[in-house]
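To keep things clear, I will list the structure first and then write my remarks on it.
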Amino acid sequence: MKLDVITLDGGKAGSVDLNDDLFGLEPRTDILHRVVRWQRNKAQAGTHKVKTRSEVSYSTKKIVRQKGSGGARHGSRKAPIFRKGGVYKGPTPRSHAHDLPKKVRQMGLKHALSAKAQAGELVILDAANMDGKTAVLAKAVKDLGWKRALVIDGAEVNEGFAQAARNLDNIDVLPSMGANVYDILKRDTLVLTKAGVEALEARLA
């Protein structure tokens with residue numbers, strides 16, 4: 001697959017041949033769903049917590065005498081049936097993460113890249129270099145027509161470009177090792193620098 005390479009000012013900078021094993025696959029929604037679910041579950045905090053009957057604060061005195069009251073034989077105000085008592089089988093802190101084979105994770109990234117290429121939402125950028133001026137980048141992004149974009153650079157992101165993009169809520173910037181299925185699918189436009197393409201092809205080869 002061949003795509004034109006552009007510069008930040010909208011000019012042409014030649015073309016690049018993309019590996020069909022990464023960008024020419026027929027996207028599989030089942031693989032994408034599995035990887036996104038794995039990512040979101042792994043990111044979930046899992047800090048929800050309730051107090052059990054051993055943790056609530058209450059007197060331990062017997063409520064009523066054992067016999068003769070005509071009521072039930074209760075021994076503790078901490079029981080779940082009482083107001084302000086402990087909660088039975090409530091949530092406790094835990095990890096929501098589950099395992100997913102590395103091959104499936106790699107396959108998911110390939111299918112995410114292919115999905116963007118097939119939808120015409122893939123842009124190849126010559127280089128993502130800038131002097132850190134947010135206003136300049138904002139104008140360039142507006143002129144290029146990027147509404148919600150993810151920019152993936154090579155091994156390292158240019159510091160000036162990252163600084164310029166920091167205050168733009170419609171632009172995300174990641175190094176190639178940070179490329180992931182959820183962030184790629186979340187944004188409308190995927191922008192890869194030439195260095196980013198080379199790094200991704202080396203990573204997923």
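Between L150 and V191 there is no side-chain heavy-atom pair separated by less than 4.5 Å. Counting heavy atoms from C-beta on, the side chains of N170 and K147 never come closer than 4.5 Å. The shortest distance between side-chain heavy atoms of L204 and K110 falls below 4.5 Å. Within the 4.5 Å cutoff, the side chain of D17 has no heavy atoms near those of the M1 side chain. Annotation: side chain of W38 is not in contact with side chain of D99 (no heavy-atom distance under 4.5 Å). Side-chain contact check for R187 versus E121: every heavy-atom pair is 4.5 Å or farther apart. At a threshold of 4.5 Å between non-hydrogen side-chain atoms, the residues V181 and Q39 count as touching. S59 has its side chain out of reach of R77: every pair of non-hydrogen atoms, C-beta onward, lies at least 4.5 Å apart.
Using cut-offs of 30° and 60° on the angle between ring planes, the pair H48 and H96 is tilted.
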For this session: Could you please spell out the steps behind the side chain to side chain contact (heavy atoms under 4.5 Å, CB included) verdict for H98 and N41?
Result: CA-CA 7 Å; H98 61 267; N41 284 358; 3.3 Å; yes

For this session: Kindly indicate, with the supporting measurements, whether the criterion side chain to side chain contact (heavy atoms under 4.5 Å, CB included) is fulfilled by H74 and I81.
Result: CA-CA 10 Å; H74 290 298; I81 65 168; 3.2 Å; yes

Exercise. Does the side chain to side chain contact (heavy atoms under 4.5 Å, CB included) test come out yes or no for I63 and F82, once each step is laid out?
Worked result: CA-CA 11 Å; I63 303 167; F82 289 115; 3.8 Å; yes

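Here the closest non-hydrogen pair linking S114 and G24 is OG-N, 3.6 Å. The shortest non-hydrogen separation linking G154 to T193 is N-OG1, 3.9 Å. Annotation for R53 and S76: closest pair NH2-CB, 3.7 Å, computed over non-hydrogen atoms. Considering all non-hydrogen atoms of both residues, L125 and T7 come closest at CD1-C, 3.8 Å. Summarising the geometry of G178 relative to N180, their closest heavy-atom pair is O-ND2, 2.9 Å, with the distance given to 0.1 Å. Closest approach of A117 to F23, counting heavy atoms only: CB-O, 3.6 Å.
At most 12 non-hydrogen atoms from other residues, nucleotides or ligands lie less than 6.0 angstrom from NZ of K42. Counting heavy-atom neighbours within 6.0 Å of R34 CZ, excluding the residue itself, gives a total of 12 or less.
Taking hydrophobic clusters as Ile, Leu, Val, Met, Phe, Trp and Tyr residues chained together by side-chain heavy-atom distances below 4.5 Å, V151 shares a cluster with V141. Linking ILVMFWY side-chain heavy atoms closer than 4.5 Å, directly or via other members, places L174 and L109 in a single hydrophobic cluster. Grouping the Ile, Leu, Val, Met, Phe, Trp and Tyr side chains by contacts below 4.5 angstrom, directly or via other members, places V16 apart from L8. Linking Ile, Leu, Val, Met, Phe, Trp and Tyr residues whenever their side-chain heavy atoms come within less than 4.5 Å leaves V197 and W146 in two separate clusters. The cluster map of Ile, Leu, Val, Met, Phe, Trp and Tyr, joined by side-chain heavy atoms under 4.5 Å apart, puts I6 and L192 in different clusters.
Y182 contributes atom OH, which lies 14.0 Å from atom CG of L32 (distance to the nearest 0.5 angstrom). Put simply, NZ on K78 and NZ on K51 are 11.0 Å apart, with the number rounded to the nearest 0.5 Å. Between L168 atom CG and R166 atom CZ the span is 11.5 Å, to the nearest 0.5 Å. Atom CG of residue L122 and atom CG of residue L113 lie 7.5 Å apart, to the nearest 0.5 angstrom. Taking CZ of R37 as the reference point, atom CG of L100 lies at 9.5 Å (rounded to 0.5 Å). Atom CD of Q163 sits about 11.5 Å away from atom CG of L137, to the nearest 0.5 Å.
Remark: side-chain polar atoms of N167 are not paired, donor with acceptor, to backbone N or O of A165 under 3.5 angstrom. The main-chain N or O of S176 is found under 3.5 Å from a side-chain atom of R203 such that the two form a donor-acceptor pair. The backbone N or O of A164 sits less than 3.5 Å from a side-chain atom of T134, completing a donor-acceptor pair.
Salt bridge K49/E55: present, at least one basic N to carboxylate O contact under 4.0 Å. At a threshold of 4.0 Å, the pair D131-K133 does not count as salt-bridged, since none of the basic side-chain nitrogens sits closer than that to a carboxylate oxygen. D126 and K194 are joined by a salt bridge, as a carboxylate oxygen and a charged side-chain nitrogen come within less than 4.0 angstrom of each other.
With sequence neighbours excluded, no residue forms a ring pair (Phe, Tyr, Trp, His ring centres under 6.0 Å) with Y88. In this view, H33 satisfies the ring pair (Phe, Tyr, Trp, His ring centres under 6.0 Å) rule with no residue, not counting sequence neighbours.
Exactly one residue among L190, D183, V157 makes a side chain to side chain contact (heavy atoms under 4.5 Å, CB included) with I152. That residue is L190.
A donor-acceptor pair shorter than 3.5 Å cannot be found between the side chains of S15 and D4.
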